[in-house]
Trainee: 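Got a structure for you, questions after.
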Amino acid sequence: MVRAMTSIPGGVNSPVRAWQRLGGMPLVIRSGQGAYLTDADGRRYLDYVLSWGPLLHGHAAPRVVRAVRAAARLGMGFGAPTRAETTMAELLRGALPGLDLVRLVSSGTEACMSALRVARAATGRSLVLKCDGCYHGHADPLLVAAGSGCATLNTPDSSGVPAAFAASTLSMPFNDLPAASAVFARHGRDLAALIIEPVAGNMGLVLPQPGYLEGLRTLCSAHGTLLIFDEVMTGFRAAWGGWQVAAGIVPDLTCLGKVIGGGLPVAAYGGRRDLMERLAPLGDCYQAGTLSGNPVALAAGLATLALARPRGFYPRHAARLSGMLQGIAAQARARGIALQLSQAGLMWGFCFSDTPVRSLADAQASDLERWRRFTVSMLKSRIYLAPSPFEAAFFSSAHGPRDVAATLRATARALDACR
Ligand code: HOZ
């Protein structure tokens, strides 16, 4: 890491990797296999970060690796249409009812930034509404009250963003429908879009309260504001398709990433035909990318999704995760430690708090020092959790009963250590 720091700002290529909340130096990773990581010194860790979400089947899943090899042999990229692009677009359309048309890009940042541009083009309005603690990538208009690394480093609004850009973004507390109604009452006519993670995964894992997303859908429809679900984290992880499928809510535009690339850079955005037809070459809204639809990355994504497709995949692995979380909850109760646990399919979160966590303010008010001591102790037991209290944890089909048992032994020790 010391060597990395002489060449890379902070030694990391994305700020939350720097362990600033946890203390100490980040692990330098050599390899991953199944549910495990191996660091540069040869130590093995059970991994609940999973590359921040994409690895639905753990590291180097054999079928995914085979698909990548086969695609690479045929060429690394063409910057021209391929069949794999259409296969992915058809798969996404089939899984998400609101996707009439979909465009492939390379990162969640790009997907969200581009969806906003389409929303502004289609509505002719400029204001955008988001939620405090939601993170939609690092495009200028979205670095306002942002979660993830911004919340971790206490820089929810970035320098370098022109004031005029930041002023075009309004932010409100997550899970607060009266607050949303107030914003719409005041600014509804100028709001191009409301962008939201339907399950917030960048302030820990915070589920929407019953009726919240439905209420937002109604507000958006009533004011001609487009509803954008950022399912970069929850897409094909909370459920096949995404949270919107499980919740039965159809947004106007959806952003995807992470799992659909199986660990390689694939993301997508799509939605109603009339909106997506605004994009060039059909329309006047421009968005492009040399690596968009890269065939090797798509091979990883398609193989990952093929493995998740069989009926019962999500319930089976989510049930194993639920069992683990019930075990952790019982351990905390037995020790008199206030711990909130949350789950959305194969994502989970934990927060040391007496009261349910419904917003960024709740997450910030939790016992962050206890989080630190717990996470450090887990690391000593060779369990790798996100180095930030404002990130979700992940689970994969590679995490088996023995891994769950090892985790529960470690959580018992860690809860003792942070009493
Ligand atoms: N987008 C990730 C947090 N939700 C961070 C990714 C990274 O730092 O690698």
Side-chain angles (χ1 to χ4, degrees), residues 1 4 8-22 25-29 32 37 39 45 47-56 59 105-113 115 130-139 142-156 158 174 195-207 229-238 242-243 255-269 297 342 344-351 360 363 371 375 384-395:
M1 274 312 290
I8 301 171
V12 290
N13 286 307
S14 191
V16 78
R17 301 178 191 177
W19 288 27
Q20 286 207 352
R21 284 270 176 174
L22 201 56
M25 290 287 184
L27 299 182
V28 177
I29 307 302
L37 286 173
D39 75 4
Y45 294 83
D47 184 13
Y48 287 106
V49 178
L50 294 171
S51 195
W52 305 93
L55 305 180
L56 195 60
H59 295 273
V105 290
S106 302
S107 71
T109 291
E110 237 188 301
C112 294
M113 177 184 93
K130 68 178 286 293
C131 286
D132 303 342
C134 281
Y135 177 74
H136 306 287
H138 62 90
L142 290 166
L143 282 181
V144 173
S148 186
C150 300
T152 308
L153 305 183
N154 269 332
T155 50
S158 173
F174 189 77
I195 184 165
I196 187 167
E197 300 174 70
V199 176
N202 287 288
M203 43 173 142
L205 185 76
V206 181
L207 271 79
F229 274 1
D230 172 355
E231 298 231 43
V232 170
M233 290 180 102
T234 48
F236 296 90
R237 181 161 268 292
W243 184 262
C255 304
L256 296 162
K258 298 206 190 251
V259 169
I260 67 165
L264 294 188
V266 180
Y269 66 104
S342 50
L346 302 185
M347 296 171 80
W348 60 286
F350 64 95
C351 190
L360 178 64
W371 165 84
T375 305
Y384 183 62
L385 293 166
S388 161
F390 303 116
E391 295 288 350
F394 300 95
F395 198 77

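Hydrogens, waters and symmetry mates are skipped; everything else that's a heavy atom, side chains included, is used. Residues: numbered from 1 along the sequence shown. Indexing begins at 1, ligand by ligand and atom by atom, following the structure's order.
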Trainee: Compile the protein residues with any heavy atom at a distance under 4.0 Å from an atom of ligand 1; present them by chain, then by number.
Mentor: S14, V16, R17, W52, S148, N202, M233, K258, E391
Trainee: Over all heavy atoms of both residues, which pair between E231 and L256 is shortest? Give the atoms and the distance, please.
Mentor: O-CD2, 3.8 Å
Trainee: For H59, does the NE2 atom have more than 12 heavy-atom neighbours from other residues, nucleotides or ligands under 6.0 Å away?
Mentor: yes
Trainee: Is there a side-chain contact between T109 and H136 (heavy atoms, below 4.5 Å)?
Mentor: no
Trainee: Are I196 and K130 close enough, and set up right, to give a side-chain contact (heavy atoms from CB on, under 4.5 Å), and what steps lead you there?
Mentor: CA-CA 6 Å; I196 187 167; K130 68 178 286 293; over 6 Å; no
Trainee: Measure from the side-chain N and O atoms of K258 to the backbone N and O of W52, and report whether any donor-acceptor pair falls under 3.5 Å.
Mentor: yes
Trainee: With the side chain counted from C-beta on, respond yes when L27 and W19 share a heavy-atom pair under 4.5 Å apart, and no when they do not.
Mentor: yes
